[in-house]
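Have a look at the structure below, then the notes.
Numbers here are sequence positions counted from 1.
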Amino acid sequence: MKEQSALKKIAGNLDIIVAGIALIVLIALTFAGVVMRYIIGQPFTWLEEVQLFCMVWIVFAAGGAAFRTGSHVAIEMIVEMFPQSVQKIISYVIDLIVFLVIAYLLYNSFGFIQMFVKNGRTSSMLKIPMTLQYGIAPVSYILMIISYFYSKYFDKKGGEV
């Protein structure tokens with residue numbers, strides 16, 4: 001039973017794990033790059049490509065987790081000035097806007113990825129396919145929608161699954 005619970009917790013926080021791994025790789029490679037450039041005098045020519053790859057994956061992987069934990073910036077002072085019934089209506093309008101914006105980004109990300117697949121674009125030094133680098137975007141948008149509505153309507157305490 002405990003194994004299932006631990007496995008469920010890992011699966012529920014896979015986005016945080018992926019972002020964390022990408023952050024560790026980014027920090028380690030950046031540190032190694034500084035050592036190689038300024039102490040040894042032999043800079044990594046490919047470092048910028050891997051750093052960009054890591055940053056993209058950190059941002060997109062952590063997007064759903066930010067919704068799930070309520071870490072996005074919100075200005076609630078004005079909404080809280082309204083009566084409870086109006087606050088509820090505003091909340092539904094905000095939900096609709098969040099959904100529409102993320103759905104729009106999701107829709108456009110498919111075209112973006114399709115363009116990379118069609119032209120076979122890769123990074124210049126390491127020849128990493130751009131579909132791999134930006135392929136996390138559609139997955140992230142789907143997870144953002146799920147995380148937003150899950151944390152808002154099912155998980156009243158917020159945070160980790």
Side-chain angles (χ1 to χ4, degrees), residues 1-34 44 46-76 79 88 90-161:
M1 188 74 166
K2 280 189 174 182
E3 285 181 30
Q4 247 184 352
S5 178
L7 193 59
K8 183 180 176 186
K9 191 169 183 125
I10 289 171
N13 293 301
L14 194 57
D15 50 0
I16 295 173
I17 294 167
V18 168
I21 291 169
L23 181 62
I24 290 167
V25 169
L26 176 65
I27 291 168
L29 285 177
T30 301
F31 179 76
V34 168
F44 295 132
W46 47 266
L47 184 60
E48 185 179 348
E49 285 183 9
V50 177
Q51 288 172 321
L52 178 62
F53 185 96
C54 287
M55 284 188 264
V56 167
W57 273 68
I58 290 166
V59 168
F60 280 109
F67 275 113
R68 197 170 56 253
T69 59
S71 299
H72 284 291
V73 175
I75 302 172
E76 299 170 343
V79 175
K88 197 168 194 169
I90 292 172
S91 176
Y92 288 131
V93 170
I94 290 171
D95 291 346
L96 179 64
I97 291 170
V98 167
F99 175 77
L100 290 174
V101 168
I102 297 174
Y104 175 77
L105 293 170
L106 174 63
Y107 174 77
N108 284 313
S109 70
F110 286 124
F112 194 60
I113 300 299
Q114 189 177 26
M115 178 187 66
F116 285 141
V117 168
K118 194 183 328 180
N119 68 18
R121 188 168 170 206
T122 61
S123 63
S124 58
M125 296 291 289
L126 296 176
K127 303 298 181 204
I128 299 171
M130 289 296 171
T131 54
L132 179 62
Q133 183 169 346
Y134 294 105
I136 192 171
V139 175
S140 175
Y141 293 135
I142 292 168
L143 290 175
M144 284 180 198
I145 291 171
I146 292 168
S147 294
Y148 178 77
F149 288 103
Y150 176 81
S151 67
K152 183 144 182 158
Y153 293 104
F154 299 109
D155 184 25
K156 296 300 180 190
K157 65 183 186 291
E160 299 172 344
V161 174

Fill in: Pair Val25-Trp57, side chain to side chain contact (heavy atoms under 4.5 Å, CB included): steps then yes or no
CA-CA 11 Å; Val25 169; Trp57 273 68; over 6 Å; no
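Ser123 and Gln133 form no side-chain donor-acceptor contact under 3.5 Å, judged by distance and modelled atom types alone.
Using a 4.5 Å heavy-atom cutoff, the side chains of Phe67 and Ile102 are in contact. In this structure, Pro138 and Ile113 have side chains that are in contact, with non-hydrogen atoms separated by less than 4.5 Å. Taking the side chain as every heavy atom from C-beta outward, Leu143 and Arg68 never approach each other to under 4.5 Å. Between Met130 and Thr122 there is no side-chain heavy-atom pair separated by less than 4.5 Å. Side chains of Leu29 and Trp46 form a contact here, defined as non-hydrogen atoms less than 4.5 Å apart. When side chains are defined from C-beta on, Tyr141 does not count as touching Tyr107, because their heavy atoms never get closer than 4.5 Å. Taking the side chain as every heavy atom from C-beta outward, Lys152 and Ser91 approach each other to under 4.5 Å.
Between Tyr134 and Phe116, the ring-plane angle classifies as parallel under the 30° and 60° cut-offs.
Once rounded to the nearest 0.5 Å, the distance linking CZ of Phe53 with CD1 of Ile136 reads 8.0 Å. Here the CD-CD1 distance, from Gln51 to Ile27, works out to 11.5 Å after rounding to the nearest 0.5 Å.
Panel note: side chain Asp15, backbone Gly64; no donor-acceptor pair is recorded below 3.5 Å. Counting only distance, with no hydrogens or angles, the side chain of Glu49 and the backbone of Leu126 share a donor-acceptor pair below 3.5 Å. Ser151 contributes a side-chain N or O that, together with a main-chain N or O of Tyr148, makes up a donor-acceptor pair within less than 3.5 Å.
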